[in-house]
Amino acid sequence: MTLVFATNNQYKLREINHVLGDSFTLLSLGRIGLTEDIPENEPTLEGNALEKARHIYRATGLNVFADDTGLETAALNGAPGVHSARFAGPGKDSDANIDRLLGLLGDNPDRRARFRTVIALILDGKEYTFEGTVEGTITMNRRGSEGFGYDPVFLPDGCSLTFAEMSLGEKNRISHRARAFEKLRRFLSGQEPPVQDQ
Ligand code: IMP
């Protein structure tokens, strides 16, 4: 089966190839020649994922899925959430985003946070969504150099390593996106109906 994955993020492409294996041929946006910015104007992760998938489907008619992820912290009432990429400004600067997050949390003892990924799939014109989450805490300082985004300050529950201290394989065993991708994989291989929750 051939599917467009509405991303050009090489890291995400590696992650999903790891989960989906050889049974699917994934085409990135670059591979289908779409270089324009895909709109992400909705106030929710679900809305953004659907908006991106619909945009590609309208442009190409190909089966497509898109993902949107947010880091939701309890002490900040769910922020940065849907604004995770641009938390510190339009430049999508991960280092500045982490600085802002650590600055806002200060020495607040409530460091609970979770990553949430929503995948929107359009298959033969029908829309489906899948969700994956991972619970954890925000560390006081950065640890590790793997991964991307907020990985250096996210410590998954039950782990002694931040996402940025883990190998891709270790992160993929528990990550929000891997869990959402796994639900997508099971649905596409006919093993499971789409579900919204973990
Ligand atoms: P996106 O919707 O997947 O582009 O994610 C939005 C933002 O959330 C990214 O720019 C990152 O800052 C952050 N993010 C998404 N996934 C991860 C992850 O696996 N680790 C750390 N940060 C992430």
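Counting starts at 1 for both ligands and their atoms, following the listed order. Reckoned from all heavy atoms, side chains included, excluding hydrogens, waters and symmetry mates.
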* ligand 1 atoms in contact with Lys12 (distance to a heavy atom under 4.0 Å) -> 1 (P), 3 (O), 4 (O)

* Considering the heavy atoms of Asp68, write down every atom of ligand 1 situated less than 4.0 Å from one of them. => 2 (O)

* Does Phe87 have a non-hydrogen atom less than 4.0 Å from ligand 1? -> no

* **Phe154, Phe163, Phe148: member with heavy atom nearest to atom 17 (C) of ligand 1** => Phe148

* **Atoms in ligand 1 flagged as close to Ser84, the criterion being non-hydrogen separation under 4.0 Å** => 7 (C), 8 (O)

* Asked: What are the atoms of ligand 1, with element, lying closer than 4.0 Å to any heavy atom of Lys171?
  -> 18 (C), 19 (O), 20 (N)

* **Spatial distance of atom CG (Asn8) from atom CG (Leu13) [nearest 0.5 Å]** => 7.5 Å

* To do: Please state whether the rings of His176 and Phe115 are parallel, tilted or perpendicular, taking 30° and 60° as the class boundaries.
  => parallel

* To do: May I ask you to identify, for Lys92, whether its side chain, its backbone, both or neither come under 4.0 Å of ligand 1 on a heavy-atom basis?
  => neither

* To do: Kindly identify the option in Thr69, Val134, Ile98 whose heavy atom sits closest to atom 6 (C) of ligand 1.
  => Thr69

* Could you walk me through whether Arg54 and Glu127 pass the salt bridge (charged side-chain N to carboxylate O under 4.0 Å, His left out) check? -> CA-CA 9 Å; Arg54 286 173 184 155; Glu127 297 181 346; 2.6 Å; yes

* Structure fact -> among protein heavy atoms, the one nearest atom 12 (O) of ligand 1 is Tyr150 CE1, 3.3 Å

* Please report which non-hydrogen protein atom sits nearest to atom 11 (C) of ligand 1, along with the residue it belongs to and the distance in Å to one decimal place. => Gly149 CA, 4.0 Å

* Asked: Under 4.0 Å from any heavy atom of His176, which atoms of ligand 1 are there?
  -> 16 (N), 17 (C), 18 (C), 19 (O)

* **Short N-O contact, Lys171 and Glu146, less than 4.0 angstrom** => no

* If you have a sec, work out which protein heavy atom is nearest atom 23 (C) of ligand 1 and how many Å separate them, to one decimal? => Phe115 CE2, 3.7 Å

* Asp110: what forms a salt bridge (Lys or Arg N to Asp or Glu O under 4.0 Å) with it, not counting sequence neighbours? -> Arg112

* To do: Write out all pairs satisfying side chain to side chain donor-acceptor pair (under 3.5 Å) with one or both partners inside residues 93-103, taking only residues at least two apart or from two chains.
  => Asp95-Arg142, Asp99-Arg142

* Write out the residue and atom name of the closest protein heavy atom to atom 20 (N) of ligand 1, then the distance separating them to 0.1 Å. => Asp151 OD1, 2.6 Å

* **Polar side-chain atom of Asp68 near backbone of Val118 as donor-acceptor pair, under 3.5 Å** => no

* Structure fact -> If you scan protein heavy atoms around atom 16 (N) of ligand 1, the nearest is Arg177 NH1, 3.0 Å

* Asked: Under the criterion ring pair (Phe, Tyr, Trp, His ring centres under 6.0 Å), which of Phe5, Phe130, Phe24 is the partner of Phe181?
  -> Phe5

* With the side chain counted from C-beta on, respond yes when Arg179 and Arg116 share a heavy-atom pair under 4.5 Å apart, and no when they do not. => no

